[in-house]
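Note that the structure is a prediction, hence the values are computed from the model and not measured.
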Protein chains: 2
Amino acid sequence: MLKKESQNLEIDNLDIDILKQLMQDATKPYTEIAKDLIVSGGTIHVRMKKLQEMGIIKGSHLIIDPQKAGYDVTAFLGIYLEKGIQYKDAVAQLSKIKEVVELHYTTGAYSMFAKIICRDTSHLRHVLNEEIQAVPGIQRTETLISLEESIRRQIEL
Amino acid sequence: MLKKESQNLEIDNLDIDILKQLMQDATKPYTEIAKDLIVSGGTIHVRMKKLQEMGIIKGSHLIIDPQKAGYDVTAFLGIYLEKGIQYKDAVAQLSKIKEVVELHYTTGAYSMFAKIICRDTSHLRHVLNEEIQAVPGIQRTETLISLEESIRRQIEL
DNA sequence: GTTGAAAAGTGCTGCGA
DNA sequence: TCGCAGCACTTTTCAAC
């Protein structure tokens with residue numbers, strides 16, 4: 001017997017429609033989605049199970065307002081690594097810094113690119129000067145501070 | 001009579017603990033959270049209602065894997081605006097481009113900074129050359145392509 | 001503000017088409 | 001493969017502490 005991967009691995013329009021709705025509000029009841037799409041609740045359930053097994057759905061997050069939670073400063077960091085430094089080691093070090101919420105290995109001017117969220121400017125200064133600079137292999141960084149987040153959304157399927 | 005804003009606007013440790021749990025999995029049942037924190041389900045409900053009214057909770061999102069959904073290329077874009085161009089106008093234009101998932105007004109080298117998600121490199125080329133360049137006021141852009149997203153998480157409360 | 005339980009609604013699982 | 005129906009579970013509300 002083959003592994004159960006041999007099931008239907010395709011995504012149709014119904015799957016897309018379900019994802020579209022849940023990407024905006026992950027707590028929307030299946031029954032309501034079913035009404036909108038004119039299928040039964042059971043069908044939604046089967047599709048969701050398939051999408052989860054396929055790994056397309058990675059989970060769900062509660063979206064909080066960072067500013068109202070006391071995190072007022074968003075910054076981007078272009079990072080220059082020293083030659084010969086293992087990228088993986090730098091990632092391991094940076095992942096220990098809780099304020100780093102996103103890290104990319106990039107082409108272009110920088111070796112790596114990070115997004116950082118801090119309480120205020122003094123908190124940011126501490127993270128930059130004490131935490132980031134302490135990571136071995138980081139040669140230099142360039143900071144871009146976000147004065148306003150004008151757009152924030154998910155991809156449209 | 002005053003507006004109902006005169007209610008309790010403070011956040012205590014219980015609120016933080018609830019948020020911590022739901023930030024990782026927005027579908028976690030209240031009853032389970034209640035058991036973990038050793039309070040009743042009703043209390044969780046009251047706190048959640050308060051947090052939503054305060055605007056700390058902005059909603060919930062289903063997290064999908066962009067690569068498995070056919071979006072394989074993440075890029076960052078440093079944008080130089082022409083002098084005298086209204087920032088707001090550029091935002092309005094860029095928000096029409098569905099591939100732009102994040103846009104910040106920044107200090108530093110660039111006027112604005114965008115995050116873009118595309119299906120593949122030819123899709124990215126199209127967005128950059130046709131869509132972005134067509135926005136009035138954009139003088140020049142610098143592209144950073146993400147080869148790997150090494151860290152992706154939410155702030156820790 | 002919190003509790004505990006009742007009432008309403010939702011999610012899950014088989015059976016049938 | 002999909003839809004329907006019953007059971008289990010969760011959400012929501014409310015009187016009482």
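Remark: B/Thr143 pairs with B/Ala75, B/Leu77, B/Leu128, B/Ile145 by the side-chain contact (heavy atoms from CB on, under 4.5 Å) rule, at least two apart or across chains. Annotation: ring pair (Phe, Tyr, Trp, His ring centres under 6.0 Å) contacts of A/Tyr105 (sequence neighbours excluded): A/Tyr87. With sequence neighbours excluded, no residue forms a salt bridge (charged side-chain N to carboxylate O under 4.0 Å, His left out) with B/Arg125. Taking A/His126 as the reference, A/Glu130, A/Glu131 meet the side-chain contact (heavy atoms from CB on, under 4.5 Å) condition, with sequence neighbours excluded.
Within the structure, every side-chain polar atom (N or O) of A/His45 is placed at least 4.0 Å from both OP1 and OP2 of C/dG11. Within the 4.0 Å cut-off from OP1 or OP2 of C/dT2, at least one side-chain nitrogen or oxygen of B/Arg47 is found.
At whole-Å resolution of the value, CE in B/Met48 and C1' in D/dT13 are 17 Å apart. We find that NZ of A/Lys49 is positioned 14 Å from C1' of D/dC2, with the value rounded to whole Å. Taking atom CD1 of B/Ile44 as the reference point, atom P of D/dT10 lies 13 Å away to the nearest angstrom.
The stretch residues 15-40 of chain A touches DNA chain C through A/Pro29, A/Tyr30, A/Thr31, each having a heavy atom within less than 4.0 Å of the strand.
The shortest side-chain heavy-atom distance between A/Val73 and A/His123 does not fall under the 4.5 Å cut-off.
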Ignoring hydrogens and angles, write down the donor-acceptor pairs under 3.5 Å from the side chains of residues 26-39 of chain A, residues two or more places apart or on other chains.
from    : atom 1 : to      : atom 2 : distance (Å)
A/Thr27 : OG1    : A/Asp25 : OD1    : 2.8
A/Lys28 : NZ     : A/Gln21 : OE1    : 2.6
A/Lys28 : NZ     : A/Asp36 : OD2    : 3.2

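Here D/dG3 is the nucleotide among C/dT2, D/dC2, D/dG3 with the atom lying nearest to any side-chain atom of A/Thr43.
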